[in-house]
Protein chains: 2
Amino acid sequence: MSLIFSRQCEYAIQALIYLAKKTETEWISIKEIADHINIPQHFLGKIFQMLSNKGILKSKKGLQGGFCLSKPSSDINLKDIVDTIDGVAYSTACVAGFPNCSNDSPCPLHNSWKDLREGIVKMLKMRNLKQMADEISKPGYN
Amino acid sequence: MSLIFSRQCEYAIQALIYLAKKTETEWISIKEIADHINIPQHFLGKIFQMLSNKGILKSKKGLQGGFCLSKPSSDINLKDIVDTIDGVAYSTACVAGFPNCSNDSPCPLHNSWKDLREGIVKMLKMRNLKQMADEISKPGYN
DNA sequence: CTATATTAAGACAAATTACTCTTATTATCA
DNA sequence: TGATAATAAGAGTAATTTGTCTTAATATAG
Ligand code: FES
Ligand code: FES
């Protein structure tokens, strides 16, 4: 199969958007999030564990515990999330798997791909969690 | 990790470009191809087996056997290859994994993503094996 | 304080993807 | 025409990704 982002990354994006809709000081449990966006609870737990280690989230154990964003939602963009979970290969490696992707040693797809790739990176940098949380709250959005 | 296309798909693209450089009637062995583009021989065997079943390649067993394209290389475009191996999800499913990607029930990324996705699809349709084989033969290409 | 329920963390298991080894087919040549 | 070597096909294995079950931590109530 292979889509653009890994399953983990997709879940993370959805979960963080949900988190960004909450007040900044609230601790939200993975159970609540997993139930709302309908993904496996403990898988999300592992993803959030990593995002905590990487400094994107804060966690608190025990009753009344949970997770919350470690920065204002407007300061976390999509690229931060994607790069943390999936790495940066999508923005640097050859789309056809040839070694050494660069303008100097291009593959036959390089010139066609370069601009599309830049577009993707630019978009990921542009969109932050606050915007997306606002947008998903509008009627008609899923 | 997760790049745009699966490993299988990357290998297929590279191998088919190699094949497209040969004369149309020649039978080329997976060994020759795998050695040249430096990928696992028998893994390529399985990929080519599938592409044969799907009608993109023809195969011939035994001594002097091998594979060759079932159509002129100018009639096989990248989208044919990618869709056959990885499916069409990359061009239809939500980039963030939300259910029901459409203009009517968009996720917060949908409008940013739509055009980029169309660009990718258009590019894949545009590029055929003949072009790419010609291009990779030029000096400086890898 | 102690018991309890809630929670994240961590160990474990299943599914998928990537890769390798073995077998069956067939053209060639003695 | 039978032996041989080259070849695709297919069975088997390893690694990675995804998903589940168990344990440890802690706030709260009694
Ligand atoms: S070399 Fe293939 S995309 Fe750059
Ligand atoms: S709904 Fe997310 S990309 Fe279309």
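Not measured: the values here are computed from a predicted model. Per chain, numbering begins at 1; letters A, B, ... match sequence-line order.
As rounded to whole Å, 14 Å separates atom P of D:dA6 from atom CD1 of B:Ile30. A:Trp27 places its CH2 atom 10 Å from the P atom of C:dA9, with the value rounded to the nearest Å. In this entry the distance linking CE of B:Met50 with C1' of D:dG10 reads 15 Å, nearest Å. Rounded to an integer number of Å, the gap from A:Glu32 CD to C:dT6 C1' is 14 Å. When rounded to the nearest whole Å, the span between CG of B:Asn53 and C1' of D:dG10 equals 12 Å. Distance CD (B:Gln49) to P (D:dG12): 15 Å, rounded to an integer number of Å. Spacing between atom CD1 of A:Ile47 and atom P of D:dT20 amounts to 12 Å, rounded to whole angstrom units. Atom CD1 of A:Ile28 is separated from atom P of C:dA8 by 10 Å (rounded to the nearest Å).
More than 12 heavy atoms of other residues, nucleotides or ligands sit less than 6.0 Å from atom NZ of A:Lys114. The 12-atom threshold is not exceeded at NZ of A:Lys130, counting heavy atoms of other residues, nucleotides or ligands nearer than 6.0 Å.
For A:Ser59 and C:dA9, the shortest distance from a side-chain N or O to OP1 or OP2 is below 4.0 Å. Taking only side-chain nitrogens and oxygens, A:Ser6 never comes nearer than 4.0 Å to OP1 or OP2 of D:dT17. Between B:Arg7 and the phosphate of C:dT17, there is no side-chain N or O to OP1/OP2 separation shorter than 4.0 Å. Dashed line: the shortest gap from a side-chain N or O of B:Tyr11 to OP1 or OP2 of C:dA18 is not under 4.0 Å.
The residue B:Ile39 sits apart from the nucleic acid: no heavy atom pair falls under 4.0 Å. Within 4.0 Å (heavy atoms only), B:Phe48 reaches no atom of the nucleic acid at all.
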Using the 3.5 Å cut-off, write out each protein N or O paired with an N or O of nucleotides 25-30 of chain D and the distance between them.
from   : atom 1 : to      : atom 2 : distance (Å)
D:dA27 : O4'    : A:Leu63 : O      : 3.3

Dump every N/O contact between nucleotides 20-23 of chain C and the protein below 3.5 Å, one line per pair.
from   : atom 1 : to      : atom 2 : distance (Å)
C:dC21 : N4     : B:His42 : ND1    : 3.3

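Counting only heavy atoms from C-beta outward, the side chains of A:Met126 and A:Lys79 never approach each other to under 4.5 Å. A:Ile85 places a side-chain heavy atom less than 4.5 Å from the side chain of A:Leu51. Contact check for B:Glu135 versus B:Arg127: side-chain heavy atoms found under the 4.5 Å cut-off. Side-chain contact between A:Arg7 and A:Ile39 is absent, with no heavy-atom pair separated by less than 4.5 Å.
The nucleotide whose nearest atom lies closest to any side-chain atom of B:Ser29 is, among D:dA8, C:dT7, C:dA18, D:dA8.
Residues B:Phe5 and B:Glu10 come closest through the heavy atom pair O-OE2, 3.9 Å.
A distance-only check finds a donor-acceptor pair linking the side chain of A:Ser70 to the backbone of A:Gly55 [under 3.5 Å]. A distance-only check finds a donor-acceptor pair linking the side chain of A:Gln131 to the backbone of A:Asn128 [under 3.5 Å]. The main-chain N or O of B:Leu129 is never found under 3.5 Å from a side-chain atom of B:Ser73 such that the two would form a donor-acceptor pair.
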